[in-house]
Amino acid sequence: MSSATEPNPLQQLIYAKTGALTRDLLLHPGEFGLGKVPASIKPDGTTTSVCGFCSTGCGLELHMKDGKAVNLSPSVDWPVNLGMACPKGWESLTVLKANDRATAPLLKGADGKLAPVSWDDAMKTFCERFQDIQAKHGNDSVAFLSTGQIATEEMFFLGALAKFGMGMLHGDGNTRQCMATAVVAYKESFGFDAPPFTYADFEESDVLVFVGSNLCIAHPIMWERVLRNPHQPKIIVIDPRRTETAVAATHHLPLKPKTDLALLYTIANVLIENDWIDTNYIANHTVGFDDFRQYVAEYRLEDSLENCGLPSADVMEVVKAIHEGQRVSFWWTMGVNQSHQGVRTAQAIINLAMMTGNIGRPGTGANSVTGQCNAMGSRLFSNTTNLLGGHDFRNADHRQKIADTLNIPVGNIPTENSWSYDGIMEGIRRGDIRGLWVIATNPAHSWIHQKEAHETLSKLDFLVVQDMYHSTETAVRADLVLPAAGWGEKEGTFINSERRIGLHKKVVPAPGQALADFQIFRLVSHYWGCGSLFENWKTPEDVFQAMKQCSQGQPCDITGIRDYRMLDDARGVQWPTRQDESTGDDWMPAQQRRLFEDGQYFHADGKARFIFEPPQAPNEEPSEDFPLRLLTGRGTAAQWHTQTKTSKSAVLRTLYSTTLLIDVSPDDAAALQLLPHDKVLVQSARGEIEARVNITGSVQSGHVFLPMHNELTNRLTFPQFDSYSRQPSYKNAAVRIVKPS
Ligand SMILES: Nc1nc2c(c(=O)[nH]1)N[C@H]1C(S)=C(S)[C@@H](COP(=O)(O)OP(=O)(O)OC[C@H]3O[C@@H](n4cnc5c(=O)[nH]c(N)nc54)[C@H](O)[C@@H]3O)O[C@H]1N2
Ligand SMILES: Nc1nc2c(c(=O)[nH]1)N[C@H]1C(S)=C(S)[C@@H](COP(=O)(O)OP(=O)(O)OC[C@H]3O[C@@H](n4cnc5c(=O)[nH]c(N)nc54)[C@H](O)[C@@H]3O)O[C@H]1N2
Ligand code: SF4
Ligand SMILES: [Mo]
């Protein structure tokens, strides 16, 4: 399909990699090199880039020498981290230098082994195999799994390519494992997926309530912002474990897992009974309060907390603190999102903020903290659950708007929503989906109930994995591995938890033949034969301009951001930033932007909704056979997810135990006659793993905890999903501990 006269994108890339200049490269100097970076290197030889691990979105100063980064330090003037970084951020450059980096495309041969092939062969095979599957089984028999960890421009390109170019209907991402619950909760309550806060709120609250969030470990720099709070705030932590965050709190409610709904409804009822609510706010800005009030009336402090395992006096203190606080902020993360009733739990938190008028003012809000560096980009621009820019696939006007904006035939845009991640996995098991393209996520470690996940992946006719490393649990199962450049080896934007869009830059070359995901998508579009649809997207910044246009008129409107240079100069820009706010060429948006200051929500009537539902027990509870409840989550600040990156740094490896430790309470350890570091088998109805015992008061008796960073953990987890968000409930399974014979 390549033209004989013009170098095709692959040839251009090869020339770029080998240093040979082509005419195209001369015409588009930013495309393959450092992009805007040379122009933005400061007199002291540094350039700023946003961190590529977590959603905090810290600014890092890359120290450049001879055009390459040789070191880094946290940015002092970045409004997020103010000169701080956690161990992962500090080690960002080290993890790029691992010897298991994928440096060439790998194709599975007749012997079942992966062996290097050229990009040309890889691309031809990719297209032949997927097109063949589609010809035999229909377009919808090929699907993709995207991520919250590539640039927004890359996920935008991927989503457009897969759905508008390659004819796929089904594509989801690892954000389903993580943020789907918050997305649905916000959409239903506010009318749009819109976390309202800005990080300054951590410092401006006088009461902070953390529900299912271990900020100290998972978002250490946000926690630093809490520590800078000058108001001697009350800090309330609702978490079954006595986490690092709970230890530092003024109030800890160690509730029984999965009973948050009853607790939050009780808190609401006690506030109502005492008339500690903001009736003006409720009347002017919300709908549905009377039904809510009636429903929660049955949650009386004296008798509704029994199942939560909490003394009513402790809960009453928390209610009083919320009432007495002038600026109360509510924060939640995976202890809420990863629950069988996560959406309703998140909305129970939102209800508390609305009924007490704690939203839209400094130091307030119902605030979902995101996880991955670009989970928020994925929520708005990945073309998976929403049509690009927070639009709706099922809405004809929205489809027409996006078709006109991107100049693509409206008929190329699917009119239905994709299956969610679990639906795609089920589709594979049924044989409806036979080809899968996995980009920057590692389901053979991170998906719930691994035995089933592994069986599912092995059913595929063709599995393509696009990753920085060839050694991930998913890549080793692939038929084709596409070697990707990582953070630091390419450029683009991320959107952090407070909706701040920041730029990350190419500061080191990618190893071998690894290419930026952006360039891989260009290659795929060319070989697939749909390159003309995306011919204007030559650089990430071209796609950024397309993103802006798609966002026009939406709550996430970013038409006011001129270009990448503005993102750098403004030290990140929060959405929304509309063009009509601009007062001229040198206009800069304000550095702290919070939503709902005017009390206007995104539903047609401008009002937020009170939404509630009776609590239900999860489908698996501890039993005689499996008497312990397994909780899972983040282990240390030095470990990232499936450890493909963080395990590559010697510095980080010294900061955590490389043996899998299971946290067991002193009571249970005594009952089971376990000593520290004993080797044990942990069994659930789905599998058995080996671990060493860590006896600690951080878990209650009857509970155990395993970090998600070890691939064994998800062999035990129980596959239940929130019925609205389809997010897996990773933090609830029944297990038993036995000593090996
Ligand atoms: N170091 C490090 N930082 C990370 C990550 C990482 O892998 N490593 N990952 C990032 C990502 S993607 C995410 S999503 C975030 C996650 O950040 P967090 O959600 O803060 O981390 P988790 O440890 O998964 O879960 C938080 C807490 O939920 C509690 N919990 C469990 N069940 C319940 C329950 O029923 N009710 C309540 N109230 N609490 C419960 C757990 O005990 C745990 O302490 O971290 C981000 N930051
Ligand atoms: N038991 C249990 N399981 C959980 C959780 C839990 O709390 N408990 N948490 C869940 C949550 S919240 C999340 S977010 C998921 C995370 O689950 P995953 O997304 O599977 O975890 P990661 O290790 O972050 O995988 C990202 C992959 O992308 C690759 N990569 C990184 N950067 C790039 C890039 O620029 N380009 C390409 N092509 N590849 C890249 C990495 O090498 C890695 O293989 O895990 C979920 N699983
Ligand atoms: S807190 Fe998150 S964004 Fe900041 S340095 Fe650490 S990993 Fe990077
Ligand atoms: Mo996550």
Side-chain angles (χ1 to χ4, degrees), residues 50-58 60 74 80-81 84-90 92 147-151 154 173-175 177-179 210-222 224 237-241 243 245-246 253 255-260 263 332-339 345 369-373 375 439-448 465-469 472-475 482-487 489-490 496 516-517 520 631-646 699 703 705-709 713-714 716-717 728 730-732:
V50 173
C51 178
F53 282 101
C54 89
S55 66
T56 306
C58 296
L60 302 174
V80 169
N81 50 317
M84 300 173 277
C86 85
K88 296 183 296 303
W90 279 103
S92 295
T147 180
Q149 292 178 60
I150 56 178
E154 293 177 330
N174 60 6
T175 24
Q177 297 162 295
C178 182
M179 298 318 303
F210 292 98
V211 192
S213 159
N214 190 5
L215 211 68
C216 267
I217 294 296
H219 301 92
I221 301 305
M222 292 192 205
E224 292 289 339
V237 169
I238 302 176
D239 192 311
R241 291 191 307 140
T243 59
T245 315
L253 297 181
L255 83 175
K256 178 178 153 192
K258 308 296 152 289
T259 63
D260 299 66
L263 169 64
W332 82 84
T333 320
M334 290 308 122
V336 171
N337 282 1
Q338 295 170 346
S339 313
T345 308
V369 178
T370 38
Q372 309 169 74
C373 53
I439 302 98
T441 183
N442 189 10
H445 174 141
S446 61
W447 189 242
I448 202 156
V465 174
Q466 183 167 320
D467 204 287
M468 292 168 63
Y469 304 94
T472 76
E473 289 89 350
T474 315
L482 301 178
W487 173 93
E489 298 165 345
K490 55 182 183 173
N496 79 354
D517 295 283
I520 299 177
L631 304 172
T632 67
R634 275 74 203 156
T636 65
Q639 287 165 291
W640 180 255
H641 290 164
T642 73
Q643 288 266 62
T644 62
K645 286 166 91 178
T646 40
V699 287
H703 302 170
F705 175 83
L706 282 171
M708 63 161 299
H709 312 295
T713 298
N714 275 320
L716 303 172
T717 46
Y730 281 111
K731 296 182 180 351
N732 179 62

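As the structure lists them, so they are numbered: ligands from 1, and atoms in each ligand from 1.
From the protein, the heavy atom lying nearest to atom 4 (Fe) of ligand 3 is Cys58 SG, 2.3 Å. The nearest heavy-atom contact from the protein to atom 19 (O) of ligand 1 is Met334 N, 2.7 Å. Looking at atom 6 (Fe) of ligand 3, its nearest protein heavy atom turns out to be Cys86 SG, 2.3 Å. Looking from atom 1 (S) of ligand 3 to the surrounding protein, the closest heavy atom is Ile221 CG1, 3.5 Å.
The N/O atoms of Tyr469, backbone and side chain alike, include none that comes under 3.5 Å of an N/O atom in ligand 2. Below 3.5 Å of separation, one finds an N or O of Arg241 facing an N or O of ligand 1.
Of the listed options Thr646, Thr644, Asp517, Ile439, Asp517 places a heavy atom closest to atom 36 (N) of ligand 2. Taking only non-hydrogen atoms, the option from Phe705, Tyr730, Trp640 nearest to atom 5 (C) of ligand 1 is Trp640. Closest heavy-atom approach to atom 18 (P) of ligand 1 among the candidates Leu253, Ile217, Asn174, Thr333: Thr333. Residue Lys258 holds the heavy atom nearest to atom 33 (C) of ligand 1 of all those in Lys258, Lys731, Met179. The closest heavy-atom contact to atom 29 (C) of ligand 2, among the options Ile448, Asn442, Asp467, comes from Asp467. The option from Thr636, Thr345, Asp260, Val211 that lies nearest to atom 38 (N) of ligand 1, judged by heavy atoms, is Asp260. In the candidate list Asn214, Val699, Val369, Asn214 is nearest to atom 20 (O) of ligand 1, counting heavy atoms. Remark: among candidates Ile520, Thr642, Leu716, the nearest residue to atom 21 (O) of ligand 2 is Thr642, based on non-hydrogen atoms.
For the pair Gly52 and ligand 2, no heavy-atom separation below 4.0 Å is found.
With 2.8 Å as the limit, His219 does not count as an N, O or S neighbour of atom 6 (Fe) of ligand 3. Taking 2.8 Å as the criterion, Cys54 counts as a coordinating residue of atom 2 (Fe) of ligand 3, since one of its N, O or S atoms falls below it.
Of all the heavy atoms of Cys51, the ones lying under 4.0 Å from any atom of ligand 3 belong exclusively to the side chain.
Within ligand 2, the atoms closer than 4.0 Å to a non-hydrogen atom of Cys178 are 12 (S), 14 (S), numbered from 1 in the order shown.
Between Asn174 and His641, every side-chain heavy-atom pair lies at or beyond the 4.5 Å cut-off.
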